[in-house]
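Data block below; observations after.
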Amino acid sequence: MAANLNSNVLIIGGGQAGFQTAHTLRAKGHVGPIQIIGDEPHLPYQRPPLSKAFLAGELNVERLFFRPATYYEQQNIDIKLGVSVESLCRTSKTVRTTDGTTLAYDVLVLATGARVRPLPDGICTKPEQLLYLRGIDDVQRLLAASTTKNSFLIIGGGFIGLEAAATLKKLGKTVVVAEFQPMVIPGLVAPELSQYLENLHRNMGVDVRTNTNATHVRSQADNGFDIGFGFDIGFADGIRLNVDAVLVGIGVLPNVEFGQAAGLKTDRGFCVDAQARTNDPNIFAVGDCAHGQNTWVSTPIHLESVQNAIDQASIAAQAILGSDKEYAAVPWFWSDQYHVKIQMAGLITDYDQTVVTGEPDDDKFSIFYFQNDQLIAVHTANHPVNHMAARRILAQAEPVTFADCTKHGFDGKALMNITK
Ligand SMILES: Cc1cc2nc3c(=O)[nH]c(=O)nc-3n(C[C@H](O)[C@H](O)[C@H](O)COP(=O)(O)OP(=O)(O)OC[C@H]3O[C@@H](n4cnc5c(N)ncnc54)[C@H](O)[C@@H]3O)c2cc1C
């Protein structure tokens, strides 16, 4: 696409990636109109604190916003909130919103993120009473519940479920985590890290149950959430449990439907190239709603992280401005649970060897992952030095090998100084 600083850019979704696209466009000199359409009633905000400090009541809502309302006025970014886009016409280059407006674009950026995956139909007798954790409104509902309810079942032992468990525990609640797979954070970390997290939560008083599947979640309420009396839970192995509230954290579904209906290709999100462009050259997709090329890996990937939302959106904005820069960032992610910061750099798909350094018992250790003798990822607990080093090492063109790591004692700082 030829550079056009005057093009009319329409961004759908006012989350991390939508905000970053608009911000980068203006910062890099785009002078044409920029409009953000977001279906939430809030200014663009960061989600990570939702399961951490914000849920703990340690952060007020203003601190979540990337920028105050004045920023959008000053930057001449038109932001329309509480409005959803329901259809796209690629021929006329327009979208239609739920308030009946038709909006035209030269360049469209889809930054629609993802929504929570609901508990499958038929399991819960009153699905409207279930709690989820994706947006500010969900947390406010959860906080309201936490003022009157004392025991929580969290269905799903992924990052969101475990972070919520840690925070609810901090609030003095009784917490049970039920994970369907044999270990928590299934598939995303080595068994050593899963086991460590399971032990950590158990030591903090959370009842972590793996290999367990809730088959029914019966509401004991006779009327509505506010006067609910809790739930009777049945598991596949016959075990029963009574809790006051149920939080479901079983993953997310990318918001792709209106784009898909308009003929955009999808996989685990809109299929995009290394500049975040979809199969329509005038339409980009960024963040949690995208699935695509990151030249750091050989196959298209889908990532759900702040790093991905920021880096991919920045690349898309630069492509709109005529740059040929490609998305090539080392993926990284973090999670805070109690006093432990887990940080992950790289991807662990198809690893065949791991080395653990440090002491899980001291809550400070690192896991180095290898594939065919090459370092592909490093996960750390309370070891920011190794994490930062890993991000630098993994970004190098020449791979660091198992032999390099052995020679340098699996020490991040030493490995960073290898010159090849
Ligand atoms: C509780 C929680 C904790 C997290 N913690 C971490 C963490 O510690 N570290 C980390 O790296 N990542 C974390 N993440 C993930 C990270 O926040 C996401 O990957 C990131 O927010 C993705 O940004 P996004 O802009 O792609 O999507 P979103 O932030 O989901 O934004 C998309 C926006 O588009 C809106 N939208 C959707 N469809 C439409 C439509 N048709 N019309 C208008 N608007 C629409 C959505 O409502 C939403 O507001 C966390 C996520 C959650 C929910």
Side-chain angles (χ1 to χ4, degrees), residues 13-21 23-24 44-54 64 66 109-117 133-135 156-164 184-190 193 197 249-256 267-270 272 274 276 284-297 299-317 326-337 340-349 367 369 376-381 384 387-388 390-392 394-395:
Q16 184 93 49
F19 166 79
Q20 189 64 42
T21 309
H23 179 74
T24 308
Y45 63 92
Q46 44 171 335
R47 294 184 197 275
L50 298 185
S51 46
K52 310 173 183 86
F54 186 60
L64 296 176
F66 298 119
V109 180
L110 301 171
T112 49
R115 60 185 182 276
V116 291
R117 183 189 293 277
L133 187 39
R134 179 75 194 175
F159 282 113
I160 303 287
L162 292 188
E163 287 187 355
V184 296
I185 321 279
L188 295 178
V189 301
L193 185 49
L197 287 170
I250 54 172
V252 293
L253 302 166
N255 292 318
V256 293
D267 191 312
R268 290 182 62 201
F270 294 111
V272 293
F284 293 76
V286 290
D288 283 13
C289 73
H291 175 98
Q293 292 291 341
N294 170 342
T295 59
W296 188 77
V297 271
T299 49
I301 46 170
H302 169 76
L303 296 168
E304 291 157 12
S305 70
V306 166
Q307 168 275 320
N308 176 61
I310 292 176
D311 289 344
Q312 197 174 36
S314 305
I315 289 293
E326 296 191 325
Y327 184 29
V330 175
W332 60 268
F333 183 81
W334 82 94
S335 173
D336 298 318
Q337 296 170 41
V340 180
K341 182 176 278 299
I342 305 291
Q343 291 175 295
M344 288 156 279
L347 295 172
I348 67 162
T349 335
I367 305 178
Y369 296 78
I376 55 166
V378 179
H379 292 174
T380 58
H387 172 71
M388 292 312 291
R391 278 163 55 181
R392 295 233 336 238
L394 292 166

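All values below come from the heavy atoms of this structure, side chains included, with hydrogens, waters and symmetry mates left out. Everything quoted here is computed from the prediction, not taken from an experiment.
- Taking the ring centroids of H379 and Y369, they lie under the 6.0 Å cut-off.
- Residues satisfying the side chain to side chain contact (heavy atoms under 4.5 Å, CB included) criterion with A316, sequence neighbours excluded, are A276, F284, V286.
- By the side-chain hydrogen bond (donor to acceptor under 3.5 Å, both in side chains) test, R117 is found to be paired with no residue, residues two or more places apart in sequence or in another chain being considered.
- Applying the side-chain hydrogen bond (donor to acceptor under 3.5 Å, both in side chains) rule to R47 yields the partners E40, Y45; only residues at least two apart in sequence or on another chain are considered.
- Between P300 and Q293, the shortest heavy-atom contact is CG-NE2, 3.6 Å.
- For the pair P254 and R268, the minimum side-chain heavy-atom distance is 4.5 Å or more.
- With salt bridges taken as basic N to acidic carboxylate O contacts below 4.0 Å, one links K341 and D336.
- Contact of the Q16 side chain with the P44 side chain is not registered, since no non-hydrogen atoms from C-beta on lie closer than 4.5 Å.
- A donor-acceptor contact shorter than 3.5 Å is absent between the side chain of S51 and the backbone of E163.
- F333 and F159 have tilted rings, their planes meeting at an angle from 30° to 60° on a 0 to 90° scale.
- Using a 4.5 Å cut-off on side-chain heavy atoms (C-beta onward), E304 and V252 make contact.
- Proximity of a side-chain donor or acceptor of W296 to a complementary backbone N or O of L394 within less than 3.5 Å is detected.
- The two residues C289 and T112 come nearest to each other via the heavy atoms CB-OG1, 3.4 Å.
- In this structure, the side chains of V189 and I367 stay at 4.5 Å or more apart for every pair of heavy atoms.
- For CZ of R115, the number of neighbouring non-hydrogen atoms (other residues, nucleotides, ligands) closer than 6.0 Å is greater than 12.
- The side-chain hydrogen bond (donor to acceptor under 3.5 Å, both in side chains) check on Q337 picks up H201, S335, with sequence neighbours excluded.
- In this structure, the side-chain hydrogen bond (donor to acceptor under 3.5 Å, both in side chains) partners of H23, at least two apart in sequence or on a different chain, are Y71.
- Partners of R134 under the salt bridge (Lys or Arg N to Asp or Glu O under 4.0 Å) rule, at least two apart in sequence or in another chain, are D288.
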